[in-house]
Trainee: 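Please read through the structure below; I'll follow up with questions.
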Amino acid sequence: VLISTGKTIYDDDDYHSEYWYDLFLMYEALYENGFPHENIYVLYGDGSDFLSNHTRYQVPDEWEISQITDRPCSESDIQDVFSDLSSIMTDQDFLWVWWMGHGGIDESCPDIYFLIENTGEYVYDHEFASYVNQITSYKWRSFSVMTCNSGGIIDDLESNKTVILTAVPCGEGTWSAEYDVWHAEFTYNLFCALDWETPSGSPINADDNSNGLVSMYEAWDYTYDNRTWRSDPQYNDLGFIGANMYIFCCGYLVRDTHLLDDIDFTGDVIVDNGVILTIDPGVMVTFAANSDDYDGGMGEYSSNPVSYTHL
């Protein structure tokens, strides 16, 4: 679920353009890590994409969709999307939520509120938690929150099955800067970590343990190490699961990958030509029941891509 609570009016403005640019990057990061379009729920503006003049921030033809936005961004839409998901998700599903906008302190920390700019509505931290907690079936949850004072949401969402990244602690402001275009620093660095490159295509490696996948802990660590403004990204992980939580869920492995811990994939995983997949002894690799089955399951190494399914 991607929630951008502002609305971009035109390109290259240092105040509001990042509402679209950062939303687009987060969508791209999820899609390129295996999330299908139908599993990414986007709430933005009045329900329509911003038509950027920058080709980089336009929906490419190869995605075969007309726009990424699914719903307007209002308090009722936010409540409804989690209500809808509560009847869809199972205890094997991964809920990944990103929120971007303005946040303020409700009298004193850690109590905070979020502003939905295009409607003028306020969503308080306990209200947002109640909307999200309509979903009771999930394996893991991850929240990435890019607002001022965003650390105030941690006490409302934390659990042993939840990893939370926030741009700053409660009582601290967030910042934007001009990179290829204007971005919030936290979201820019988060995208770079998860997508292995900057929006301009320069390579990035946030994979600290060199296993070929970027975990949510490694992504947070990258945002922290690469901050340049006066901000301190926060990390909360009561269950110590973030080091083994990845947004890569299916698709092509394009770099050598070493699976050190149990992992669940939601669809086909294709090991590209020349790429080495190493699975440590005792590691359980689980695939969705509807994954394709090549060569009776495991497949053999060959000069062609090999699909590993039903291990």
Side-chain angles (χ1 to χ4, degrees), residues 1-82 84-85 96-103 114-123 144-148 167 174-202 204 247 251:
V1 179
L2 305 179
I3 304 170
S4 182
T5 62
K7 186 176 180 181
T8 299
I9 307 302
Y10 44 83
D11 282 308
D12 304 315
D13 184 89
D14 62 355
Y15 178 75
H16 58 69
S17 292
E18 57 264 45
Y19 283 124
W20 173 253
Y21 301 149
D22 289 10
L23 172 63
F24 188 89
L25 291 182
M26 287 297 99
Y27 190 100
E28 181 180 295
L30 291 175
Y31 181 65
E32 292 188 347
N33 276 279
F35 280 72
H37 294 301
E38 61 268 23
N39 285 13
I40 307 175
Y41 296 77
V42 175
L43 287 73
Y44 171 73
D46 59 4
S48 300
D49 287 4
F50 171 67
L51 301 179
S52 175
N53 289 320
H54 297 298
T55 304
R56 176 67 181 82
Y57 296 95
Q58 299 171 4
V59 176
D61 292 340
E62 56 266 27
W63 285 5
E64 298 182 342
I65 57 173
S66 59
Q67 66 172 36
I68 64 171
T69 304
D70 299 297
R71 305 174 185 234
C73 187
S74 69
E75 185 171 7
S76 63
D77 285 297
I78 293 169
Q79 187 172 4
D80 287 347
V81 73
F82 291 110
D84 291 348
L85 286 171
W96 200 89
V97 179
W98 172 82
W99 178 298
M100 179 173 178
H102 290 291
F114 303 122
L115 170 64
I116 304 176
E117 277 198 83
N118 55 295
T119 65
E121 297 171 301
Y122 293 92
V123 177
S144 299
V145 185
M146 208 318 291
T147 73
C148 295
T174 57
W175 306 90
S176 297
E178 192 169 13
Y179 300 91
D180 60 320
V181 291
W182 284 93
H183 294 288
E185 181 182 66
F186 173 75
T187 301
Y188 177 85
N189 286 328
L190 182 62
F191 169 82
C192 290
L194 295 175
D195 213 50
W196 292 78
E197 63 181 14
T198 69
S200 299
S202 299
I204 297 292
I247 69 165

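Only a predicted model underlies this, so the values are computations on that prediction, with no experimental measurement involved.
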Trainee: Indicate yes or no for a side-chain donor-acceptor contact from Asp22 to the backbone of Ala184 under 3.5 Å, with no hydrogens or angles considered.
Mentor: yes
Trainee: Is Asn118 reaching over with its side chain to a backbone N or O of Cys73, donor-acceptor style, under 3.5 angstrom?
Mentor: yes
Trainee: Spell out, as yes or no, whether a donor-acceptor pair under 3.5 Å connects the side chain of Thr8 to the backbone of His16.
Mentor: yes
Trainee: Quick check on side chain to side chain contact (heavy atoms under 4.5 Å, CB included): which of Asp77, Ile78, Val42, Ile3 does Arg71 satisfy it with?
Mentor: Asp77
Trainee: Work out which heavy atom in Gly6 is nearest to a heavy atom in Tyr44; give both atom names and the distance.
Mentor: O-CE1, 3.5 Å
Trainee: Scan side-chain atoms only and decide if Tyr122 and His102 contain a donor-acceptor pair under the 3.5 Å cut-off.
Mentor: no
Trainee: To the nearest 0.5 Å, what is the distance between OG1 (Thr187) and CD (Glu18)?
Mentor: 9.0 Å
Trainee: Nearest heavy-atom pair of Phe191 and Pro199: which atoms, and what distance?
Mentor: CE2-N, 3.8 Å
Trainee: For a side-chain contact (heavy atoms from CB on, under 4.5 Å) check, start with the C-alpha distance between Trp96 and Ile247, then their side-chain angles and the critical distance, and finish with the verdict.
Mentor: CA-CA 8 Å; Trp96 200 89; Ile247 69 165; 3.4 Å; yes
Trainee: Are any side-chain N or O atoms of Thr198 and backbone N or O atoms of Ser200, one a donor and one an acceptor, separated by less than 3.5 Å?
Mentor: yes
Trainee: How many angstroms lie between NE2 in His37 and CD in Gln67, if you round to the nearest 0.5 Å?
Mentor: 12.5 Å
Trainee: Write down the atom of Gly101, the atom of Tyr19, and the distance for their closest heavy-atom approach.
Mentor: CA-CE2, 3.8 Å
Trainee: Should His183 and Met146 count as side-chain neighbours, where that means a heavy-atom distance under 4.5 Å?
Mentor: no
Trainee: So do Glu32 and Trp196 actually touch side chain to side chain, heavy atoms under 4.5 Å?
Mentor: no
Trainee: When you look at CD of Glu38, are more than 12 heavy atoms from neighbouring residues, nucleotides or ligands closer to it than 6.0 Å?
Mentor: yes
Trainee: Between Asn33 and Ala29, is there a donor-acceptor pair closer than 3.5 Å when you use the side chain of the first and the backbone of the second?
Mentor: yes
Trainee: Using distance alone, with no hydrogens and no angle criterion, decide if Asp49 and Thr69 have a side-chain donor and acceptor under 3.5 Å apart.
Mentor: yes
Trainee: Which heavy atom of Phe24 sits nearest to which heavy atom of Val59, and what is that distance?
Mentor: CE1-N, 3.9 Å
Trainee: Taking it one step at a time, do Phe114 and Val145 satisfy side-chain contact (heavy atoms from CB on, under 4.5 Å)?
Mentor: CA-CA 10 Å; Phe114 303 122; Val145 185; 4.1 Å; yes
Trainee: Using atom types as modelled and distance alone, determine if a side-chain donor or acceptor of Thr174 lies under 3.5 Å from a backbone N or O of Ala167.
Mentor: no
Trainee: Using the side-chain contact (heavy atoms from CB on, under 4.5 Å) rule, take Trp99 and Thr5 through it: C-alpha gap first, then chi angles, then the decisive distance, then the call.
Mentor: CA-CA 8 Å; Trp99 178 298; Thr5 62; 3.5 Å; yes
Trainee: How many angstroms lie between atom CG of Leu30 and atom CG of Leu25, to the nearest 0.5 angstrom?
Mentor: 11.0 Å
Trainee: Quick one: CG on Leu115 to SG on Cys148, what's the gap to the nearest 0.5 Å?
Mentor: 11.0 Å
Trainee: So His54 and Tyr57, would you call those rings parallel, tilted or perpendicular, with 30° and 60° as cut-offs?
Mentor: perpendicular
Trainee: Step by step, work out the side chain to side chain donor-acceptor pair (under 3.5 Å) result for Asp11 and Ser52.
Mentor: CA-CA 6 Å; Asp11 282 308; Ser52 175; 2.8 Å; yes
Trainee: Side chains of Asn53 and Tyr10 only: does a donor on one sit below 3.5 Å from an acceptor on the other?
Mentor: no
Trainee: Keeping the roles fixed (side chain from Gln58, backbone from Leu51), state whether a donor-acceptor pair exists under 3.5 Å.
Mentor: no
Trainee: I need the Asp70 CG to Leu43 CG distance, nearest 0.5 Å.
Mentor: 7.5 Å
Trainee: Of all heavy-atom pairs between Leu190 and Met26, which one has the smallest distance, and what is that distance?
Mentor: CD2-SD, 4.0 Å
Trainee: Taking all non-hydrogen atoms of both residues, which atom of Ile68 and which atom of Leu23 are closest, and how far apart?
Mentor: CD1-CG, 4.4 Å
Trainee: Under a 4.5 Å cut-off applied to non-hydrogen side-chain atoms, are Tyr179 and Glu185 in contact?
Mentor: yes
Trainee: Report the distance from atom OG of Ser176 to atom OH of Tyr21, rounding to the nearest 0.5 Å.
Mentor: 12.0 Å
Trainee: Ring centroids only, cut at 6.0 angstrom: are Phe35 and Trp98 within range, meaning strictly under it?
Mentor: no
Trainee: Quick one: does any side-chain atom of Asp46 pair with a main-chain N or O of Pro72 as donor and acceptor, under 3.5 Å?
Mentor: no
